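Note sheet for the following structure.
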Amino acid sequence: MQRTFPALIAVAAACLFAACGAAAQPARPPPARTPNSLGADWRLQQDEVRQCARQHRCVPLSRVIEQLNARSPGRQLDAGLEYQGDKPIYRVRWMTRNGRRVDYLIDAATGAILSGG
């Protein structure tokens, strides 16, 4: 019996320490959708874009890039999914052939260019 008592005390102390340590640290809120497409959660955004396109709620980003290249030949620097209210918006940073950077905002549901260029 004496051998199990110290073990029980050690287990209880470890549980108490873990509970106190968890209580000392504030709970982290779930990650919010950031307005910046270069935010820390860019990988989650990529998954969200793929799922949105698979469910036919968003135009595939590849189609948007083709549309921008036809409008203003160049290349994509960055792209991400943002929201204006509940409306999904692609932000595409674009470099034209003459070296000008353009930030496009595109309605992700329709593919319509909202601003840029």
Side-chain angles (χ1 to χ4, degrees):
M1 247 300 170
Q2 278 185 314
R3 290 184 185 216
T4 58
F5 186 67
L8 288 174
I9 290 176
V11 169
C15 291
L16 181 60
F17 179 78
C20 290
Q25 295 183 8
R28 293 180 74 177
R33 293 184 176 130
T34 60
N36 183 352
S37 62
L38 289 176
D41 63 343
W42 64 272
R43 287 182 189 215
L44 295 175
Q45 285 183 17
Q46 288 180 340
D47 294 339
E48 189 174 0
V49 169
R50 284 186 200 102
Q51 183 178 12
C52 188
R54 280 188 206 121
Q55 295 172 352
H56 303 289
R57 292 183 296 119
C58 295
V59 174
L61 188 55
S62 60
R63 191 174 308 153
V64 169
I65 300 303
E66 289 173 6
Q67 175 186 349
L68 292 178
N69 201 31
R71 175 185 175 133
S72 176
R75 64 184 178 93
Q76 169 192 344
L77 296 175
D78 177 61
L81 184 66
E82 301 177 3
Y83 288 86
Q84 289 180 352
D86 289 338
K87 186 176 182 178
I89 304 290
Y90 287 128
R91 175 182 298 271
V92 179
R93 293 182 178 118
W94 191 259
M95 181 68 69
T96 64
R97 283 190 182 159
N98 63 3
R100 190 174 76 116
R101 187 184 128 177
V102 181
D103 287 351
Y104 287 101
L105 293 179
I106 295 129
D107 184 328
T110 64
I113 297 173
L114 303 174
S115 69

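Fair warning: this is a prediction, and the values are worked out from it, not measured in the lab. All residue numbers refer to positions in the sequence shown, counting from 1.
At least one side-chain heavy atom of Ile113 sits under 4.5 Å from a side-chain heavy atom of Gln67. Counting only heavy atoms from C-beta outward, the side chains of Tyr90 and Leu81 approach each other to under 4.5 Å. Contact check for Arg71 versus Trp94: no side-chain heavy atoms found under the 4.5 Å cut-off.
Closest heavy-atom contact between Gly116 and Val102: C-CG1, 4.0 Å. Closest approach of Ser72 and Thr96 over heavy atoms only: OG-CG2, 3.3 Å. A pairwise comparison of heavy atoms in Glu82 and Arg91 identifies OE2-NE, 2.8 Å as the closest pair.
From Gln76, atom CD reaches atom OG of Ser62 across 10.0 Å, with rounding to the nearest 0.5 Å. The CG atom of Asp78 sits 12.0 Å away from atom CE of Met95, with the distance rounded to the nearest 0.5 Å. Rounding to the nearest 0.5 Å places CZ of Arg93 at 5.5 Å from CG of Asp103.
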Q) Going through the checks in order, is the side-chain contact (heavy atoms from CB on, under 4.5 Å) test met by Val59 and Ile106? A) CA-CA 10 Å; Val59 174; Ile106 295 129; over 6 Å; no
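Residues Val92 and Tyr83 share a hydrophobic cluster, clusters being chains of Ile/Leu/Val/Met/Phe/Trp/Tyr side chains in contact below 4.5 Å.
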